[in-house]
Amino acid sequence: MRTLIQALRTKELRNKILFVFGIIIIYRIGSFIPTPGVDYRAVQDCVASSSNEDFIGLVNLFSGGALLQLSIFALGIMPYITASIVVQLLRVVIPRFEALHKEGQSGEAKLTQYTRYMTIGLAVLQSTTILVTARTGALFNGLCTKPVIPDGSVWNLIVMILIMTGGTGLIMWMAELVTDKGIGNGMSVLIFMSICSGFLPKLWDIGWGTNGSNGDWTKFGIVVGVLVVILVFVDFVELCQRRIPVQYTRRMIGRKMYGGTSTYLPLKINMSGVIPPIFASSILAVPTLIAQFGKSDQKWVQWINTNLADTTTVWYIGLYALMIVFFCFFYTSITFNTDETADNMKQYGGFIPGIRAGRATSAYLTYVMNRLNTVGAVYLLFVALIPTVLIMALNLGQQLPFGGTTILIIAGVGLDTLRQARARTEQFQYEGFLLEDETTTKE
């Protein structure tokens, strides 16, 4: 609150905050504008009668509920997130991408351009898939038989695909505006607001009740209490660091002496962030999506609907846990290359005290990262499985408004935005420097 008050007192920061709020308002308005060619009343009836807790539910969460309403912003920013992750993974496969990454700012600008192109391509693919599944009723788990797209002609579908793709491009542009002219990362801020738009009403429904059913304020209090405790725990873990000391030798360049300083290499406990739960839930949702196109009396369809469609089954929990652990190690090994870090330290004359530069440093960093990833995987499992435990313990069904992914995103985006706001606020405060100068002068 102190940071927010100080930011609002400064004209420049106040304008940045108001600009971010303006973009958020436009984004939320676009989430409720239906795509031309959609029967809005039929869509509302289908949304009320269905419950998506699979990959479609995850995408709908990130879009702020715009996906199931088939609005112009139905895709949200998921195509951009997917494209960003794919470009990062392609650095391991395509040497050109790795070379661009090492070039610095110019190379990153080129990778960003590739990411934008891939975002548009994925938007075309995903919008086509969404419209096809909406026509067949699979988008609403087959629980709605109303024609949400009355005109199924090819020309009408092409126009709808172009509008949804254009909406994704507009969201991407607005997110970059927030990053350049506002506070915080634009994509993260829009994800945060999308999640909160559906998170808070569902949380209130536990106590107040929905569709004429009575709520339970005792369960509401338990859920809120658990949520606060988990958020505090997540904030604590996300701020934890394993600091590896690094010493730089002195070097004579021309007539000047450089180096001789001591610093540290900060390593987070959870280096992979929110990626493992997203990947795990997305992969486990694929069999459920495939089963929706099969016949309900087939054995493999019945097995998938029984064991993988419900998030509280033993099969789902076991596979979910294994995938989280796997992606925690896999994604960290891609984003943090120990060999590259050791080579950079050696190039600039840096070394870890007691460890030789080069291969020994890389082996030591790998050893430390494996230990951190083990703790990080256990931490992610705890946060990701807490919602499942609450559902089973309190018999909430599908009413629980948050999941492990939701908690990690809310805490991570909140911390990152607060850091940036605090850093920019300190640029306009000179009282501490003036007091120090006065004290030094008197002494």
Side-chain angles (χ1 to χ4, degrees), residues 51-55 57-62 191-192 194-207 215-240 268-285 307-329 331-332 372-415:
S51 175
N52 295 85
E53 299 298 329
D54 48 14
F55 179 68
L58 181 65
V59 178
N60 188 56
L61 177 69
F62 285 165
I191 292 176
F192 181 84
S194 298
I195 291 176
C196 289
S197 64
F199 168 79
L200 297 177
K202 286 185 178 181
L203 183 63
W204 182 254
D205 288 342
I206 295 177
D216 192 333
W217 291 104
T218 303
K219 293 181 180 181
F220 174 81
I222 295 174
V223 171
V224 171
V226 172
L227 177 62
V228 172
V229 172
I230 294 177
L231 282 176
V232 173
F233 174 70
V234 170
D235 289 341
F236 177 77
V237 175
E238 293 295 330
L239 292 174
C240 290
K268 293 179 62 177
I269 293 179
N270 181 26
M271 293 283 287
S272 57
V274 73
I275 298 299
I278 292 179
F279 274 14
S281 57
S282 301
I283 292 176
L284 285 176
N307 297 288
L308 297 182
D310 187 1
T311 58
T312 59
T313 60
V314 177
W315 274 96
Y316 187 93
I317 294 175
L319 293 175
Y320 188 56
L322 289 175
M323 288 185 181
I324 287 178
V325 174
F326 170 76
F327 284 117
C328 183
F329 282 85
Y331 190 75
T332 303
L372 288 177
N373 282 333
T374 303
V375 178
V378 174
Y379 154 73
L380 286 177
L381 285 175
F382 173 76
V383 176
L385 295 180
I386 277 293
T388 304
V389 175
L390 275 180
I391 289 175
M392 298 172 65
L394 300 179
N395 194 21
L396 293 174
Q398 302 296 341
Q399 295 179 0
L400 195 64
F402 64 88
T405 308
T406 306
I407 298 174
L408 290 172
I409 291 176
I410 290 177
V413 175
L415 285 174

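- With sequence neighbours left out, the ring-ring contact (aromatic ring centres under 6.0 Å, His included) criterion links Phe326 to Phe330.
- Partners of Asn373 under the side chain to side chain donor-acceptor pair (under 3.5 Å) rule, at least two apart in sequence or in another chain, are Thr332.
- For the side-chain contact (heavy atoms from CB on, under 4.5 Å) criterion with Ile230, the lone passing option out of Val228, Leu227, Val234, Val232 is Val234.
- The nearest pair of heavy atoms linking Ala377 to Cys328 is N-SG, 3.9 Å.
- The distance from atom CG of Asp235 to atom CG of Leu415, rounded to the nearest 0.5 Å, is 4.5 Å.
- Scanning all heavy atoms of the two residues, the minimum distance from Leu372 to Lys268 falls at CD1-O, 3.9 Å.
- Counting heavy atoms from C-beta outward, Leu284 and Tyr316 have side chains that approach closer than 4.5 Å.
- Of the inter-residue distances, the one linking Ile283 atom CD1 with Met323 atom CE reads 5.0 Å to the nearest 0.5 angstrom.
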Show the numbers, then the answer: is there a side chain to side chain contact (heavy atoms under 4.5 Å, CB included) between Val226 and Ile386?
CA-CA 9 Å; Val226 172; Ile386 277 293; 4.1 Å; yes
Going through the distances and angles, do Leu380 and Leu408 end up as a side chain to side chain contact (heavy atoms under 4.5 Å, CB included)?
CA-CA 9 Å; Leu380 286 177; Leu408 290 172; 3.6 Å; yes
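- Ile407 is not listed as a side-chain neighbour of Phe233, based on a closest heavy-atom distance of 4.5 Å or more.
- Taking OH from Tyr379 and CD1 from Ile269, the interatomic distance works out to 9.0 Å, rounded to the nearest 0.5 Å.
- Residues Val383 and Pro277 are not in side-chain contact: their nearest non-hydrogen atoms beyond the backbone lie 4.5 Å or more apart.
- The distance from the CG atom of Asn307 to the CD1 atom of Ile317 is 11.5 Å, given to the nearest 0.5 Å.
- Not a single side chain to side chain donor-acceptor pair (under 3.5 Å) links Tyr320 to another residue, sequence neighbours left out.
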